[in-house]
Amino acid sequence: LYGRPLFSIDSAKYVLSWFFGTLKPKPDSKVETREQFLARIEEARKFFEGHDPDARIVLVTHSIFINFFVGQMCSDS
């Protein structure tokens, strides 16, 4: 979506197809599907759970990942 306005038809199509799992990126694309994104969140969750509860760990990332990550950490699904 580089070069496209945030509130455009192309952006809306992308977000909806990503959310409903119908996004089919090209093989050479750096686009991440929803399944890949959720798998990355689960991988991060396992990483943190593998440490001692008293360990201090710094997570540096963007707000979208943090919001999804916290949502996953607070749910069992």
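What you are looking at is a predicted structure, and each value in this text was computed from that prediction instead of being measured. All values below were derived from every heavy atom in this structure, side-chain atoms included, with hydrogens, water molecules and symmetry-related copies excluded.
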Is it true that Ile9 and Phe20 fall in one hydrophobic cluster, defined by side-chain heavy atoms closer than 4.5 Å?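 No, separate clusters.
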Can you hop from Ile64 to Val70 via hydrophobic side chains spaced under 4.5 Å?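 In one cluster: yes.
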Can you list everything that forms a salt bridge (charged side-chain N to carboxylate O under 4.0 Å, His left out) with Glu35? Sequence neighbours excluded, please.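 Expected list: none.
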What residues form a ring pair (Phe, Tyr, Trp, His ring centres under 6.0 Å) with Phe48, not counting sequence neighbours?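 Checked Phe48 against ring pair (Phe, Tyr, Trp, His ring centres under 6.0 Å); matches are Phe69.
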What closest approach, in Å, do Ala55 and His51 show between heavy atoms, and which atom pair accounts for it?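 Shortest heavy-atom separation between Ala55 and His51 comes out as CB-CB, 4.2 Å.
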Which pair of non-hydrogen atoms, one from Thr33 and one from Trp18, has the smallest distance, and what is that distance?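 Thr33 and Trp18 have their closest heavy atoms at C-NE1, 3.4 Å.
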Residues which pass side chain to side chain contact (heavy atoms under 4.5 Å, CB included) with Val31, listed by chain and number, not counting sequence neighbours: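 Tyr14, Leu23, Pro25, Ser29.
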Sequence neighbours excluded, which residues qualify as side chain to side chain donor-acceptor pair (under 3.5 Å) partners of Glu43?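 Per chain and number, Glu43 pairs via side chain to side chain donor-acceptor pair (under 3.5 Å) with no residue.
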Considering residues at least two apart in sequence or located in another chain, which fulfil the side chain to side chain donor-acceptor pair (under 3.5 Å) criterion with Arg40?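 Once residues adjacent in sequence are excluded, the partners of Arg40 under the side chain to side chain donor-acceptor pair (under 3.5 Å) criterion are Glu32.
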Would you mind listing every side chain to side chain donor-acceptor pair (under 3.5 Å) that reaches into residues 53-69, with sequence neighbours excluded?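 Of all non-adjacent pairs touching residues 53-69, none passes side chain to side chain donor-acceptor pair (under 3.5 Å).
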Can you tell me how far NZ of Lys13 sits from OG1 of Thr22, rounded to the nearest 0.5 angstrom?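 That separation rounds to 12.0 Å.
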Should we say atom CD1 of Ile57 is surrounded by more than 12 heavy atoms from elsewhere, each under 6.0 Å from it?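 Enclosed: over 12 neighbouring heavy atoms sit under 6.0 Å from CD1 of Ile57.
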